[in-house]
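Encoded as structure tokens, the structure appears first; notes follow it.
Each chain gets a letter, A, B and so on, in the order the sequences are listed, and its residues count up from 1.
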Amino acid sequence: MKRTNFYAQHMAAQAKMVEFAGFEMPIQYPKGIMHEHEVVRTGVGVFDVSHMGEFDVRGTGALAFLQQLTVNDVSKLVPGKAQYSAMCKPDGGIVDDLLVYMMSENHYMMVVNGACEEKDWNWAFENSKNFADCQLTNMSADINLLAVQGPKSLETLQKLTSTNLSEIQYYGFAEGTLAGVDMILSRTGYTGEIGMEIYFRGGEDVAAAIWNAVFAAGEEFGIEPIGLAARDTLRLEKGYCLYGNDIDETTHPLEAGLGWITKLAKGTFNGSDVIAKAKEQGVTRKLVGLVIGVEKFIARHGYDIVHNGTTVGKVTSGNIAPSLNKAIALGYVPTELSAPGSMVEIAARGKTFPAEVVKIPFSA
Amino acid sequence: MTFPDNCKYTHDHEWVRVEGNIGIIGVTDHAQGELGDVVYIDIADDLAEVEKGGSFGTIEAVKTVADLFSPVGGKVVEVNRGLNDAPETVNKDPYGEGWIVKVELSNPADLDELMDVNAYKELVGH
């Protein structure tokens, strides 16, 4: 199993480690998931997400390649901007969701899920062969990535860099130095809080130096390391999709509520024929938010969604929403049951529990 | 991690502590650590009896849900309903305030089949 360059820091913080995406990753630290969730919502937390994959894309063919590969309109990017996107197979199934960064003209970076890195690399590399002057480099093993998230995140990081972080807009980024190390300072994240993701190269010594600098800077705000479990509850409250749970190769972007990143007007791309047809005919199922009627019943991935005694769909993610103090879930239901206010039931352990379809993001 | 030596243990990570003819039952410190933050203990309102090794409810935690298996058989004399409002007590004090159910032992010999503290420590690698 692989380890990130922050392994020693996780051990020192007494993390509980699990296998994730081929890496030994922290799932939680001793104070627990609820506590970590709260730290990110009210202060500042640090996630090691170095398992994520980063691909460098260069050449005069890079833009045309990314337009074919991804569903969002890459021509809308300017240097210093990133966009959320997805890549699909020809049948519209989602290979992965990702971020596309425009570094400069003819130079981009793709950031993909760690669990999909190998598959995505193969898929992207195969696709790139159709484009002249388009060079891909898999930088995943060389790049450290920390997500520093929460209302105190910018104040924390600002102490360590001369780049004015407040000038970087949401989904913008800057190349600068932080604690003396060159990095990409990106105003992105997966928590719904203000925050940054910082990408930098270097081994364990560099990683340790940055980790220590960030924690020293955040000490006055009660900074803490945050594990994958709280990352999941934080993103779920905001209704962000998790690849492998809510979206996968059997779902297409319109069903998953990702129509807003799927730019059919840009021209053809992988999956565009199928997606355009689905748009024309209307999708038969939709990913919706669900609030469970029983306060603390957790609807988990794979549980059946039932309506009038018939199974009509599946829960794709579910948990307690610690900030909202209710149990929430995402799941696919038939389009006719997808309007907010629709009532369904979730089946588990021989019982059914009522659930109401609600708007995403979830609110109190 | 704590391992009280006045308890008996199951392979499913429950403990029972006997006071008189009453068995007090809960989940072990190891179990609560593996489960993570406990959010709900689901025990039927009309639970009257438990069988040795039988499931008497579920414990819902952020990470997973697990069945609760009784280490002993007997009549249920009390369910810790205080956990409804404070399920995190199971994480904080698994052998004390975080007890789950009290049972009047129907067959004290049930205890003989359970692990003592040393056997349980060995099971969880301590």
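Enclosure of atom CD in B/E88 by more than 12 non-hydrogen atoms of other residues, nucleotides or ligands within 6.0 angstrom is indicated. When the shell of 6.0 Å around NZ of B/K102 is examined, it contains more than 12 heavy atoms from other residues, nucleotides or ligands. Within 6.0 Å of CD in A/E19 there are more than 12 heavy atoms belonging to other residues, nucleotides or ligands.
The CZ atom of A/R349 sits 7.5 Å away from the CG atom of B/D67 when rounded to the nearest 0.5 Å.
Counting all heavy atoms, side chain and backbone alike, A/I298 lies closest to B/E60 at CB-OE2, 3.3 Å.
B/V62 pairs with exactly one of A/H37, A/M34, A/Q28 by the side chain to side chain contact (heavy atoms under 4.5 Å, CB included) rule, that one being A/M34.
Looking at B/D37, its side chain never comes within 3.5 Å of a backbone N or O of A/G32 through a donor-acceptor pair.
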